[in-house]
Amino acid sequence: MAAQQEHAAGAAPNERSAASSLLREVAEVVVLAVILYFGISFAVQAVHVEGLSMFATLDDNDYLIANKIDYRLHAPQRGDIVILRPPTNNTTDFIKRVIALPGERLLIRDGVVYINGHRLDEPYLPEAWTLQTNHQPWSLADGALIPANQYFVMDDNRNKSQDSRFFGPITRDRIDGKAWFRIWPLDHFGNIYTQVPVLETGSVVVGSVPLKAAA
């Protein structure tokens, strides 16, 4: 009888210890989940593409993962597809492609982009660019200079978009992240940078006259 009482007395602390250990493990898992959630939210963002302004690179109702850490480490680069807030609206996110960088001279003439006088080859454009092909002041003389800390962004679907041709260059602090890869639809999962802009080196444009580049 005494042995049974001693066994029961010993079992109660063991049960309390097991319950305490279980609660501690559950609490650790919850804390870890919260840390991971906020860490992932800080680093990446899910992006829902609405509309056809970035067609054919991106389509309506595509879903992307955007990297929000990249631009804390380095500046945006030409060709990056970025998530941004336009200059006059803090409640709507736009998705555009970086075309010209701070300090570069941009000329847009007859549907062709020139950077510092060099033609920009843009293989991702889905059709002939026929609207807003000479938008001022970017089409005047030899173009206009992109101010420090500002970026000129455009859509790939130039005939059906609103971009820096209309609202001007955007400051770096309004760029929230870089589109990383596509997660939906599944048959287009993965890389969105198969085609990128490339500066040609063969000639430069001064005013309306193309000149042979110096060797």
Side-chain angles (χ1 to χ4, degrees), residues 49 51-59 64 66 70-71 74-88 93-172 174-179 191-215:
V49 178
L52 295 170
S53 64
M54 281 296 292
F55 185 81
T57 303
L58 304 175
D59 207 345
L64 314 174
D70 263 13
Y71 297 146
H74 61 79
Q77 302 297 306
R78 187 180 351 274
D80 287 358
I81 298 172
V82 297
I83 316 304
L84 62 94
R85 289 163 290 124
T88 59
D93 288 336
F94 283 2
I95 183 164
K96 312 287 181 188
R97 188 186 295 272
V98 175
I99 297 299
L101 308 176
E104 293 184 332
R105 182 165 293 278
L106 171 68
L107 171 65
I108 300 174
R109 179 162 295 146
D110 299 329
V112 178
V113 172
Y114 300 89
I115 305 292
N116 295 334
H118 295 278
R119 181 186 178 115
L120 186 67
D121 180 26
E122 300 187 89
Y124 41 75
L125 300 185
E127 62 183 8
W129 177 5
T130 59
L131 302 179
Q132 299 294 337
T133 59
N134 293 289
H135 207 284
Q136 297 182 9
W138 317 105
S139 62
L140 300 178
D142 57 350
L145 200 65
I146 305 299
N149 200 43
Q150 296 189 27
Y151 297 82
F152 197 93
V153 298
M154 284 200 281
D155 291 305
D156 291 357
N157 195 357
R158 300 283 159 81
N159 296 322
K160 301 177 179 68
S161 64
Q162 294 284 322
D163 50 37
S164 285
R165 288 172 292 171
F166 303 91
F167 54 69
I170 58 166
T171 54
R172 182 171 174 175
R174 301 192 73 81
I175 299 177
D176 295 327
K178 175 184 177 180
N191 186 20
I192 58 175
Y193 293 100
T194 57
Q195 294 182 308
V196 297
V198 178
L199 275 180
E200 297 180 355
T201 58
S203 62
V204 296
V205 171
V206 179
S208 59
V209 181
L211 302 175
K212 186 70 175 179

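From a predicted model like this one, the values you see are computed outputs, not experimental measurements. Computed from heavy atoms alone, side chains included, the values below leave out hydrogens, waters and symmetry copies.
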Between [X] and [Y] (side chain of the first, backbone of the second, donor and acceptor by atom type, cut-off under 3.5 Å), is there such a pair?
| X | Y | result |
| --- | --- | --- |
| Arg172 | Tyr71 | yes |
| Arg119 | Glu200 | no |
| Tyr193 | Ile81 | yes |
| Gln136 | Asn134 | no |
| Glu104 | Leu101 | yes |
| Asn159 | Ala128 | yes |

Quick check: closest heavy atoms across [X] and [Y], and the distance to 0.1 Å?
| X | Y | value |
| --- | --- | --- |
| Ser161 | Phe166 | O-CE1, 3.5 Å |
| Ile108 | Thr133 | CG2-O, 3.4 Å |
| Asp155 | Ser53 | CB-O, 2.9 Å |
| Arg78 | Pro197 | CG-CG, 4.1 Å |
| Pro86 | Leu84 | N-CD1, 3.7 Å |
| His118 | Leu199 | O-CD2, 3.6 Å |

Worked verdict on Leu107 versus Val113 for side-chain contact (heavy atoms from CB on, under 4.5 Å): CA-CA 6 Å; Leu107 171 65; Val113 172; over 6 Å; no

Can you name the residues that form a ring pair (Phe, Tyr, Trp, His ring centres under 6.0 Å) with Phe152, not counting sequence neighbours? Trp138

Roughly how far apart are [X] [atom1] and [Y] [atom2], rounded to 0.5 Å?
| X | Y | atom1 | atom2 | answer |
| --- | --- | --- | --- | --- |
| Leu52 | Asn157 | CG | CG | 6.5 Å |
| Leu120 | Tyr114 | CG | OH | 10.5 Å |
| Ile83 | Phe94 | CD1 | CZ | 12.0 Å |

Pairing residues for Arg85 by the side-chain contact (heavy atoms from CB on, under 4.5 Å) criterion, not counting sequence neighbours: Asn90, Asp93, Arg174, Asp176

Asp70 meets the side-chain contact (heavy atoms from CB on, under 4.5 Å) criterion, sequence neighbours left out, with Asn67, His74, Lys178

salt_bridge(Asp156, Arg97) N-O dist < 4.0 Å: yes

Is there a side-chain contact between Ile95 and Leu64 in this structure, where contact means two heavy atoms from C-beta onward sitting under 4.5 Å apart? yes

Residue among Arg158, Met154, Gln162, Arg165 satisfying side chain to side chain contact (heavy atoms under 4.5 Å, CB included) with Gln132: Arg165

Any chance you could lay out the side-chain contact (heavy atoms from CB on, under 4.5 Å) test for Met54 and Lys160, step after step, and finish with the verdict? CA-CA 9 Å; Met54 281 296 292; Lys160 301 177 179 68; over 6 Å; no

Tyr151/Ile175 under side-chain contact (heavy atoms from CB on, under 4.5 Å): CA gap, chis, key distance, verdict: CA-CA 9 Å; Tyr151 297 82; Ile175 299 177; 4.1 Å; yes

Residue pair Asn149 / Thr171, side-chain donor-acceptor N/O under 3.5 Å: no

